[in-house]
**Student:** 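Take this structure, written in structure tokens, and hold onto it; I'll ask about it next.
Start at 1 and go down the list; that is how both ligands and their atoms are numbered.
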Amino acid sequence: MFRNDDFKAELLALIGTPPPLTTTTLREVGEHVKKQARVELPLPPLAASLTWNDPLWDEVAAPESHLLEAGEQGLQSKFCRLLNSAPSSMSFEFHDVHTAPSVCGNDLKPDTVMKLRGKPVCPLTTAAILDLKRQDGAYDNEKNVGQAVTYGRTFLQQLPSSLRNTVYVALTDLQRITLMRVSLPANGQLEVAMSTQLADVKSILLQLLSCTPASLRVQLPDLGPSLKITGFLGHGATSHVFQGTTSNGDEVAIKVPLARTLDHELEMLLALRGLIGVPSLAFDTLVKGAIVSTPVLQPLTLAAIWRGRLHLAVPALVSTFKEAHNLGFVNRDVRLSNLMTDTTASVLWPIDWGSATRVGLQQAPFEGTVHYASKAILEQVILEQLLQPGQHPSVRATPADDLESLVCTAFCVTHPDMQVELEKLPKHQLGDIVSWWQHTAWASRPAWTEALQAARDLDYTGVGVQLQRLLE
Ligand SMILES: Nc1ncnc2c1ncn2[C@@H]1O[C@H](COP(=O)(O)OP(=O)(O)OP(=O)(O)O)[C@@H](O)[C@H]1O
């Protein structure tokens, strides 16, 4: 339990502060990238019919021009004017983002993006990032290259690599342009391919505009006319979750499946409809295969718990599980990434009911995440694997297993370093996971073992009271 308020304030400040990006860091990144050989980046050939006739191009691209970046006579405002005469027949358009939310997180703000025509500016609709630099001959120096690569990396970190792992970033003073293809594959190893300085900026921009959304993997799922996607919320093993609006203007979360249908999860949400903390369906059917629900939620972090005094919401959360159990369902996948909070931060929401099953079902295939599974479930899986090697293990899940996973989840949210340690344990080493909980997490923590025991005894009130105190 954290009693010292100064300590808490200090930690909150730390949690909220990202590591500073300095000019030195950017220069180092740029130096590293500029040491690599320059490459030719494939762009579609320039169609003769595609034109961007504007006398302003001759003015800004003239070798004798020495424009600064900002100001009324600067590059940025001239480029904004040029965008008015850009071709409008392509799938993409350039968009000045000085007044739009950034596509590179909260701290970085590039000048211009190339995004899907007519769609809102967000990472999902963005195919390329363009930064304009003053005409002093150094537009692609080490610092500027480092900055551009950092834009690309921060941009990609917001999207799962299954959705997008590449973005074009360009630096230009409108006399020359340097293109970079920044990739962040699933292994997390950043790759940057950089072109030489290319003359004829207008043609290169037209070539970029001629790319197809499919070739740049900028595609939003087709959800029909009743839904508009406005952002990306997160992803699980089997879905991408988008933020969107309905035709009534309601903000919704849209869960689009990747490899399985969401019929079962929809059925569960219909069965649990009306329980506090269970997402409400905006439509009672799947919309082009997707579940559309409200509200749009926030990740559950220690900072969110402390700021929102969310320990007070724990008894209601335990009641949500109790009522679901009384209706005959066990969740089977209680873990940190499946618990969220709302913007008013007064309710805790178990979001994912896709693994839920009927209480008392004798044997059901094991679902959920081994790291947060109860000891009883893990022991059943270990035994099944011994008896029937190579088969998908079947287990009998009970309401007490949900409560134990909830205690494990609460432990991890209050001990982020230990959560990292736990999730590093290989998924197939079930014995190691059982032993980690027993010897590392629960040992010498009597208040936590009390909560654990209450969970195993299916003592809902005891779990609620104990976890409320432990999260305070
Ligand atoms: N209502 C919501 N509001 C905001 N973000 C959400 C919402 N629902 C889901 N998310 C985000 O999407 C992520 C994946 O959601 P969810 O757990 O439902 O997907 P999943 O594919 O079933 O996951 P897994 O199969 O790995 O259990 C969540 O961790 C969260 O970041």
**Student:** Would you mind checking which non-hydrogen protein atom is closest to atom 10 (N) of ligand 1, with the distance to 0.1 Å?
**Tutor:**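 Here the closest protein heavy atom is Val241 CG1, 3.7 Å.
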**Student:** Select one of side chain, backbone, both or neither to describe which atoms of Ile351 lie under 4.0 Å from any atom of ligand 1, heavy atoms only.
**Tutor:**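 Contact part for Ile351 vs ligand 1: side chain (C-beta onward).
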**Student:** For Arg335, is the nearest heavy atom under 4.0 Å from an atom of ligand 1?
**Tutor:**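 Flag set, Arg335 near ligand 1.
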**Student:** Under 4.0 Å from a heavy atom of Lys255: give me the atoms of ligand 1 that qualify, with their elements.
**Tutor:**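 Atoms satisfying the 4.0 Å criterion: 16 (P), 18 (O), 19 (O), 20 (P), 22 (O).
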**Student:** Using the rule side-chain contact (heavy atoms from CB on, under 4.5 Å), only one of Val252, Val292, Leu266 pairs with Leu281; which is it?
**Tutor:**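 When Val252, Val292, Leu266 are each tested with Leu281, the side-chain contact (heavy atoms from CB on, under 4.5 Å) holds only for Leu266.
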**Student:** What atoms in ligand 1 come closer than 4.0 Å to a heavy atom of Asp333?
**Tutor:**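 Going through ligand 1 atom by atom, the ones under 4.0 Å from Asp333 are 27 (O).
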**Student:** Considering only non-hydrogen protein atoms, determine which one is nearest to atom 23 (O) of ligand 1 and report residue, atom name and distance to 0.1 Å.
**Tutor:**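 Nearest neighbour among protein heavy atoms for atom 23 (O) of ligand 1, to 0.1 Å: Gly236 CA, 3.3 Å.
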**Student:** More than 12 foreign heavy atoms under 6.0 Å from NZ of Lys228: is that the case here?
**Tutor:**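 At most 12 heavy atoms, drawn from other residues, nucleotides or ligands, come within 6.0 Å of this atom.
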**Student:** Which part of His235 is near ligand 1, with near meaning a heavy atom under 4.0 Å away: side chain, backbone, both or neither?
**Tutor:**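 The backbone, only.
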**Student:** With heavy-atom distances below 4.5 Å as the criterion, would you say the side chains of Thr320 and Val278 are in contact?
**Tutor:**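 They are in side-chain contact.
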**Student:** Return the closest protein heavy atom for atom 26 (O) of ligand 1 as residue, atom name and distance.
**Tutor:**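 So the nearest neighbour among protein heavy atoms is Ala237 N, 2.7 Å.
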**Student:** Test of understanding: given a 4.0 Å heavy-atom threshold, classify the contact between Asn338 and ligand 1 as side chain, backbone, both, or neither.
**Tutor:**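 The part of Asn338 near ligand 1 is the side chain, not the backbone.
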**Student:** List the atom of Leu124, the atom of Val218, and the distance in Å for their closest heavy-atom pair.
**Tutor:**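 Taking Leu124 first and Val218 second, the nearest heavy atoms are O-CG1, 3.2 Å.
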**Student:** Any nitrogen or oxygen of Gln298, side chain or backbone, less than 3.5 Å from one on ligand 1?
**Tutor:**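 Gln298 vs ligand 1: no N/O contact under 3.5 Å.
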**Student:** Numbering the atoms of ligand 1 from 1, which are under 4.0 Å from a heavy atom of Gly234?
**Tutor:**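 In order of numbering, the contacting atoms are 11 (C), 12 (O), 13 (C), 31 (O).
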**Student:** Indicate yes or no: does Glu265 engage Lys255 in a salt bridge with an N to O separation below 4.0 Å.
**Tutor:**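 Looking at Lys255 together with Glu265, the answer is yes, because their closest N to O distance falls below 4.0 Å.
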**Student:** Looking at Gly30 and Val145, what are the two nearest heavy atoms and their distance?
**Tutor:**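 Distance-wise, the nearest heavy atoms are CA-CG1, 4.0 Å.
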**Student:** Could you tell me which non-hydrogen atom of Thr440 sits nearest to which non-hydrogen atom of Met418, and how far apart they are?
**Tutor:**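 Here Thr440 and Met418 meet closest at CG2-CE, 3.5 Å.
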**Student:** Please identify which atoms of ligand 1 are closer than 4.0 Å to at least one heavy atom of Asp352.
**Tutor:**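 Checking each atom against Asp352, I get 16 (P), 17 (O), 18 (O), 20 (P), 22 (O), 23 (O), 24 (P), 27 (O).
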**Student:** So if I count the atoms of ligand 1 from 1 in the order they appear, which ones are less than 4.0 Å from some heavy atom of Ala253?
**Tutor:**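 Listed by number with element: 1 (N), 2 (C).
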**Student:** Just say parallel, tilted or perpendicular for the rings of Phe411 and Trp442, cut-offs at 30° and 60°.
**Tutor:**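 Perpendicular, since the angle between the ring planes exceeds 60°.
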**Student:** Is ligand 1 under 4.0 Å from a heavy atom in the side chain of His240, in the backbone, in both, or in neither?
**Tutor:**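 Within the 4.0 Å criterion, His240 makes no contact with ligand 1.
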**Student:** Would Pro295 count as a contact residue for ligand 1, given that I'm defining contact as a non-hydrogen atom of the residue lying under 4.0 Å from a ligand atom?
**Tutor:**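 For ligand 1, residue contact (heavy atoms, under 4.0 Å) with Pro295 is present.
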**Student:** Ser239 versus ligand 1: do any nitrogen or oxygen atoms come within less than 3.5 Å of each other?
**Tutor:**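 There is such a contact, yes.
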**Student:** Ser337 heavy atoms, cut-off 4.0 Å: which ligand 1 atoms fall inside?
**Tutor:**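 This gives 28 (C), 29 (O) as the contact atoms.
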**Student:** Does anything in residues 220-267 pair up under ring-ring contact (aromatic ring centres under 6.0 Å, His included), and if so which pairs, sequence neighbours excluded?
**Tutor:**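 Every ring-ring contact (aromatic ring centres under 6.0 Å, His included) pair that includes a residue of residues 220-267, provided the two are not neighbours, is Phe232-Phe242.
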**Student:** If you take all heavy atoms of Trp448 and Val407, which pair is closest and at what distance?
**Tutor:**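 Answer, listing the atom of Trp448 first, then Val407: CZ3-O, 3.6 Å.
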